[in-house]
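Inspection log for the structure reproduced underneath, given as structure tokens.
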Protein chains: 2
Amino acid sequence: MPGDTIRNMEDFAAVSGISRPTVSKYFNNPDSVRATTRERIEAALDRYDYRPNIYAVNQNRQQTKNIGIVVPFLSDPFFSEIARTIEALVIAAGYRPILLSSHGGQEQENDNLDSLRSLKPAGVLFAPLGRASDKSVIETFCKHVPTVLFDSNLDGMGEAFIGSDNASFVDQTVEYLCRSGEPPRFFEMRTPANPNANKRRTAYIAAMEREGHEPIVHKVTGEGWGFEEIGRAGAHAAFDAGQLTSGTVLCSNDRLAIGFLAAAYERGMRVGRTEDSDLRVASHDDHPFSRFTCPSLTTAAHDYDAVAGHAVRSIFELIEGGEDTSPRDETLYPARLILRASA
Amino acid sequence: MPGDTIRNMEDFAAVSGISRPTVSKYFNNPDSVRATTRERIEAALDRYDYRPNIYAVNQNRQQTKNIGIVVPFLSDPFFSEIARTIEALVIAAGYRPILLSSHGGQEQENDNLDSLRSLKPAGVLFAPLGRASDKSVIETFCKHVPTVLFDSNLDGMGEAFIGSDNASFVDQTVEYLCRSGEPPRFFEMRTPANPNANKRRTAYIAAMEREGHEPIVHKVTGEGWGFEEIGRAGAHAAFDAGQLTSGTVLCSNDRLAIGFLAAAYERGMRVGRTEDSDLRVASHDDHPFSRFTCPSLTTAAHDYDAVAGHAVRSIFELIEGGEDTSPRDETLYPARLILRASA
DNA sequence: GAAAAAACTTTACGCGCGTAAATTTTTGAC
DNA sequence: GTCAAAAATTTACGCGCGTAAAGTTTTTTC
């Protein structure tokens, strides 16, 4: 026998000296067979490089070992980081992650969900686009596939939502900025793609009123996911109008802040918390590049690990626990203030 | 019949009034059936949301419609951008992209290839880690799966290699820098992960000699994929030693340059091509973030579209054309010099 | 060491679809 | 309208594996 090519589980069972149903059992759960049997199979496994045909396996199993991961924009390092964390946890649990990016578009998001449905995943971890999402498509999807939302919530959709507590982000930055200098004005996109942006604005207004200051919101125009350029162009427009050239600016997110800082630099403005600075800039997200901006960016960090860990735990509880009748879990993790040079 | 749930192609064929083999033919290629037949199937398709079971399909087809895309580090926006471009082309060709990141590690790269083999992809577009790659694993993989390498070449592996012409990148930046000011010193990692880095150093030395200047290479220490931090720490170390504080610095890649610029800013050094600047900094890659550095970064841009397009075309030629006896295609696309404020 | 329990083997069926061969129907050209 | 070509239908088998049932062997328990 040795030397032949192994074409299927039948062949492999033959060379390992174990019956095919037992070999099948082994591949589903190596601990479900006797130790001596396991050893014989594993001995055969490193003589031949057989592995079960994944398509035949998934055709017959009631449930695949696939976990879908959908993010709105993978080129945004924030999402690629959280996707990476989630991926690692999914693999550790013995499942196969399937990573899809919606590239900022509704059509691609819908295609991704459509594609996932035909893959019959055991569950899906889904960060929706937000405002641009097609709610009815998502609702239908969630009815068919166990889904946990993360990052952006959509009311009532999915079995749970795990995200960051936007109010915590803004409360901490506003409190710090007010305590350490002039109260901040808020810098954001006029029509943000993401529901978190709205929560941040609302939280800003509430926090400012709590601190006894008048909230001032500066909205800039621009569509799409090129936030840095929108921030840069918006900052230049503001400077041209004589606005935001001094005091403190709190950006809705780091990518806008990166653009804002670039514009400030181009104008020769000095940003920072030192005496000789023209203005302070802070933001939210702790984007991977925010420590390399000039100056480095004071921001509020997501708890990546907590969000990723909780989301993954949730989906596996759903998968293994079956139907849960408990109320929809909506957990928000607080931010961690990161003080750097910009404010 | 209407109202029933469609469980398989048999059911669907029944409600559409067409025989199952013909319906099967339709799903393999809608143009292979008569127009009237196509209309009847498509009429049924929007009354029921049937789609063929992808696992049963792939089990029986000699070839799946999957195209693997493996990149070394998806959190690097350079790779997420090129992955996005490739993905779009693959989808347009009617195939399903499967995106995997090696997260900078050999083990993950091997796992990715292993995982892909069991998915029986029609072809794979593979950007290897480079120095950290397990060459023997990759060689074995390429024997079993039609593979086109991109970004980093590995001698003789895969059916083709499509990448950027590192010499073109460096020639253009060196020529420009020499023409417009002091000749550059080269700033790079001591043990770069990527073979492109070595080609760039070699090209730098050759270009400098051509220009009649002595090449000076400054190597910084650091492991892993946190290039920005390695660049920042390396720059600070250089400044501490009184090096690179004036003149012109050419970084091996933009991510190092981002760290270098951050360090320069922290030192209060003025970077740029204006009279009052302390030094000039340029680099290579046109990283998505490079236009938002302070100052914006003069760099050499990859031709994303050309590389992605050629790589995708190559893999489909392999898939559809069968065995090619022609010599291994190694195409390198030249860079485009991007002049910004830093040099 | 006997009985009970656990693990394994044998046999067999079905999953949903690709695909081949033989037959029947439809189409298009004259 | 005829006839050849094209397309559809009927019938049938096989892909590789999950899984159930019944029988056999091995292990555990006291």
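First the proteins, then the strands, lettered A, B, ... as listed; each starts at 1.
One can place NZ of K25(B) at 7 Å from P of dA7(D), the figure rounded to the nearest angstrom. For the pair D31(B) CG and dA6(D) P, the computed distance is 17 Å after rounding to whole Å. The distance between atom OH of Y26(A) and atom P of dT19(D), rounded to the nearest whole Å, is 17 Å. Atom CZ of F12(A) and atom P of dC15(D) are 20 Å apart (whole Å). What separates CG of D11(B) from P of dC17(C) is a distance of 9 Å, to the nearest Å. Atom OH of Y55(A) is separated from atom P of dG16(C) by 18 Å (rounded to the nearest Å). In this structure, the CZ atom of R34(A) is 8 Å from the P atom of dT26(D), given to the nearest Å. The CD atom of E39(A) sits 15 Å away from the C1' atom of dA7(C) (whole-angstrom rounding).
Out of dC17(D), dT19(D), dT26(C), the shortest distance to the side chain of N53(A) is found at dC17(D). Relative to the side chain of S24(A), the nucleotides dT19(D), dA20(C), dA8(D) differ in distance, and dT19(D) lies closest. Closest to the N8(A) side chain, of the nucleotides dA20(C), dG18(C), dG16(D), is dG16(D). Minimum atom distance to the side chain of P21(B) is reached by dT11(D), of the listed dT11(D), dG14(C), dC8(C). Side-chain proximity of I18(B) to dT9(D), dC8(C), dG16(D): nearest is dT9(D). Across dG18(C), dC8(C), dC17(D), the shortest atom-to-atom separation from the side chain of T37(A) is found for dC8(C). Closest approach to the Q59(B) side chain among dT10(D), dC15(D), dG18(D) is made by dC15(D) (side chain taken as heavy atoms from C-beta onward).
One donor-acceptor pair, N or O on each side, does fall under 3.5 Å between the base of dG14(D) and the side chain of N60(B). Side-chain atoms of R20(A) and base atoms of dG18(D) include a donor and an acceptor less than 3.5 Å apart.
Ring centroids of H302(B) and F78(B) are separated by less than 6.0 Å, placing the two rings close together.
Using a 4.5 Å heavy-atom cutoff, the side chains of L99(B) and E87(B) are in contact.
Residue-level contact check: T36(B) touches neither bases nor backbone, having no heavy atom under 4.0 Å from any strand. Residue contacts for Y50(B): at a heavy-atom cut-off of 4.0 Å it reaches the sugar-phosphate backbone alone, with no base atom in range.
Between the side chain of T64(A) and the main chain of N66(A), a donor-acceptor pair closer than 3.5 Å is present.
No side-chain donor from either of R20(A) and N8(A) sits under 3.5 Å from a side-chain acceptor of the other.
Regarding contacts with the backbone of dT10(D), every side-chain N or O of S19(B) stays at 4.0 angstrom or more from both OP1 and OP2.
F27(B) pairs by the ring-ring contact (aromatic ring centres under 6.0 Å, His included) definition with Y50(B), not counting sequence neighbours.
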